[in-house]
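Structure record follows, encoded as structure tokens.
The residues of the chain are indexed from 1 along the displayed sequence. Quick note: numbers below take in every heavy atom, side chains included, and nothing from hydrogens, waters or symmetry partners.
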Amino acid sequence: MQRKNIQADGLDEDTLQIPDMPESISTEELLAQLDAVVRPPEEQESEESAVQEEEPKASDDAQQPEKEENIAEMQAETQAVAPDEQQELQTAASEKNDEEPPELPPIDETTMALSIPEEDETAGMSFLERAQYHARMRRREQTRLRRENARRGAAGVEVPYQPMSAFDIRMTVIRLAIALAFLVLGKLLGEWTSASLLFYVVAYLITALPIAAQVARNFTHGKYFDEYLLILIASLGAFLLGRRPEASIVLILHGVGKMVSDLVLRSTHKSLSKQIDFVPEKASLVNMQGEERQVMPAEIQVGEFVLVRSGERIPIDGVVLRGEGTVDDAVLTGASEPVAVVKDAKVLAGSLYTGSLLLLRAAERFEDCAVNRVLRVQEESAGRRASLEESVHHGAGRIIPVIIVLAVLLSIIPPLFNSGTSMASWVYRALTIVVVCCPTALMISVPLSFMGGSGRLSQKGIHVKGGEAVEKMAELRMVVFDKTGTLTEGNLRVKEIQTTSDFNQESILALAAAAEQLSPHPVARAVVAAYQSVPQKVSEFEEFPGRGVRARIGNRNLLAGNRKLMISRGVKGVPDIRGTVVYVAYEGDYAGAIVLEDTVRSEAAEAIQGLKSQGVLRTVILTGDTELPAQQTADAIGIDTVHYGLLPEEKASKMEFLLRTIPTDGTAAYVGDGINDIEELKLADVGVAMGVAGSQRTADAANVLIMTNSLTKLSEAVRICRRTHSIALQNMLLVLLIKIALVLLTLLGVATMWQAIAADVLLTVLTVLNSTRILGIK
């Protein structure tokens with residue numbers, strides 16, 4: 001069994017320090033004090049109302065000067081607001097003064113900005129004023145987005161596709177409807193009249209100017225070739241060829257396609273990114289005297305007491321000391337139903353609590369909480385695109401200039417070799433091919449497929465770093481497992497205590513618990529938990545990763561660890577015991593041994609079978625255990641290969657060896673708890689950290705976070721990723737085949753430009769809808 005040194009985790013003594021608390025006050029006494037000090041909000045409100053009823057009316061007169069000072073302060077702050085908002089704030093203030101409220105507390109600028117509901121901002125405005133207000137807000141938002149995108153572009157970060165807002169969609173509908181009306185009027189007046197020409201020009205300008213403006217903006221940002229340039233070239237060419245109605249129809253259909261696809265995208269974004277505050281801004285901290293104060297969650301130290309009331313989100317990962325209710329942690333773990341709170345259970349930051357007053361002890365630093373690891377993974381997912389996404393993105397950028405060149409050649413070469421054909425006819429065909437080759441469907445549907453897959457995994461409590469992790473999980477061929485805590489329950493229990501003539505079982509357990517009390521390793525925790533009394537204090541402590549510990553009690557030296565430690569320290573007469581064993585040596589002499597056992601997870605065999613049915617060819621165990629327990633676990637659940645007796649550095653080397661020597665046609669994953677296997681997670685193509693244990697280093701090293709210990713989530717993740725990759729490939733092949741067919745029809749003179757753009761719009765909508773099917777995968 002491997003052991004992890006505290007210093008190797010990067011944790012110093014300050015990090016692990018627990019706040020000083022009076023030893024004379026127990027946790028039970030604290031709970032009794034809290035019953036007297038902390039009361040439910042209903043009782044506090046009833047007492048406050050009773051006190052207010054007893055106050056004489058003269059207090060209202062005494063508060064009148066304070067009210068006037070607060071009103072003057074609010075008016076002074078109002079003058080600092082932007083000129084176009086002063087009138088609104090003054091109107092709101094005057095309305096409040098007319099109502100003569102009983103109390104007007106001091107209001108800062110932030111509170112004033114929040115005091116006006118968003119839906120009432122345009123109340124009392126005329127139609128023209130309301131339109132001007134919305135236009136001003138829209139310009140501000142567009143300016144902010146342009147600045148943010150420019151900053152990200154300068155930093156080399158790819159700017160993600162942004163669907164149109166609801167206001168933009170409404171304005172586009174109005175613009176296209178007006179253009180269509182002018183187009184119909186021009187058609188009714190005849191083809192060659194001056195009035196019809198005017199209507200055609202107006203209709204074309206209404207639809208083409210926004211496209212031209214977008215092309216100009218792209219040029220200023222160094223983006224020269226995209227779908228907007230192709231559509232603008234095709235429509236302008238059709239207009240100059242005398243096909244004026246068709247030029248406008250092409251632009252109108254392109255706008256309709258963008259709107260429909262963006263409506264689907266907006267609904268998908270909304271379903272994927274739930275606007276939930278994972279962690280509250282403030283936490284209720286309570287000391288040993290029952291005094292409560294509000295702090296930021298980041299200020300909470302390990303071991304401090306936190307109060308959570310019904311309807312609040314838990315601010316820190318902690319252990320329940322008291323409380324009856326349920327926690328809803330679906331946003332983290334994907335659990336379908338709330339979980340009942342029990343004493344000594346661990347609850348996660350960001351979970352929604354419902355029930356009686358909850359008291360918990362902080363178990364993690366705020367930065368190491370599970371919710372922060374999830375948020376870290378989500379932040380990094382934006383820059384982790386799948387190779388299929390990269391191919392589509394770079395391929396579209398490279399093929400557009402080629403399309404333009406081929407269109408020019410197509411419009412020139414055929415008329416030169418066949419004088420009987422019209423150049424205008426070949427120019428029209430070339431422009432139609434430009435429309436056919438517009439990459440909108442590919443550029444939207446393929447990334448959306450991977451985004452939908454990531455969203456579906458998040459709903460299941462499986463958080464991945466973008467499309468890259470999804471694609472690698474879909475191509476998984478080898479899975480390497482850590483044993484303890486991953487394939488087994490991790491709840492080690494003492495099975496047997498072997499003694500020598502000088503020591504009995506109780507003394508062996510006492511010595512082992514004293515030596516192991518400062519070690520965070522699961523074996524050490526199991527030994528300490530088995531010892532019912534308080535271990536003796538040690539004056540010296542040293543841990544040897546993967547072997548054991550050395551401790552000093554008074555002037556006596558203790559060793560507790562595996563057989564390798566005993567032999568390396570010159571301890572004689574150490575027997576070779578099969579299983580997970582902690583040997584104990586006292587003053588250099590062998591004293592006895594503690595044999596521990598673990599339980600294989602009930603779902604492990606089913607999960608391994610599920611992985612193999614999904615295309616995984618080889619499964620491996622890397623463990624520091626001895627041969628017998630490792631092989632028993634492998635045989636019980638169907639693991640192919642076992643590598644046992646490994647030190648931490650040997651596990652990393654063995655993982656690297658497996659990646660080099662075992663031939664696979666796909667990727668390899670390492671699955672562990674993210675505590676003692678950071679290097680292995682980094683080495684693997686896909687690092688999978690299971691459970692809520694770990695730290696920020698875990699989030700940095702892993703590609704996938706599964707926020708439960710259930711191994712069935714692993715096979716479920718592979719299944720969803722394979723389905724996601726399959727749908728992305730479906731979209732790509734469908735688009736390519738349809739476009740190849742349209743190109744052939746265009747060369748034969750069968751397809752027209754408006755038919756090509758209509759087919760592209762329909763194709764975009766179909767592929768987007770196909771991508772969203774991922775969200776419905778069971």
According to the interplanar angle, ranging from 0 to 90°, do the rings of Tyr590 and Tyr583 count as parallel (below 30°), tilted (30 to 60°) or perpendicular (above 60°)?
-> tilted
Please identify each residue that fulfils ring-ring contact (aromatic ring centres under 6.0 Å, His included) with Tyr644, with sequence neighbours left out.
-> none
Distance-only donor-acceptor check, side chains Thr619 and Asp640, under 3.5 Å = yes
Who pairs with Gln614 by side-chain contact (heavy atoms from CB on, under 4.5 Å), at least two apart in sequence or on another chain?
-> Val718, Arg719, Arg722
Got a sec, which residues hit side-chain contact (heavy atoms from CB on, under 4.5 Å) with Arg525, two or more places apart in sequence or on another chain?
-> Val528
Consider only side-chain N and O atoms of Gln631 and Asp635, and report whether a donor and an acceptor are under 3.5 Å apart.
-> yes
Of Thr488, Asn709, Thr712, Leu487, the residue whose pairing with Arg601 passes side-chain contact (heavy atoms from CB on, under 4.5 Å) = Asn709
Indicate yes or no for a side-chain donor-acceptor contact from Arg550 to the backbone of Glu543 under 3.5 Å, with no hydrogens or angles considered.
-> no
Please name all residues satisfying side-chain contact (heavy atoms from CB on, under 4.5 Å) with Leu352, sequence neighbours left out, ordered by chain then number.
-> Arg313, Asp328
Judged by modelled atom types alone, do Asn557 and Arg552 share a side-chain donor-acceptor pair under 3.5 Å?
-> yes
Could you list the residues that satisfy ring-ring contact (aromatic ring centres under 6.0 Å, His included) with Phe366, not counting sequence neighbours?
-> none
All side-chain contact (heavy atoms from CB on, under 4.5 Å) counterparts of Ser613, not counting sequence neighbours = none
Taking the side chain as every heavy atom from C-beta outward, state whether Leu360 and Val319 have any pair of such atoms under 4.5 Å apart.
-> no
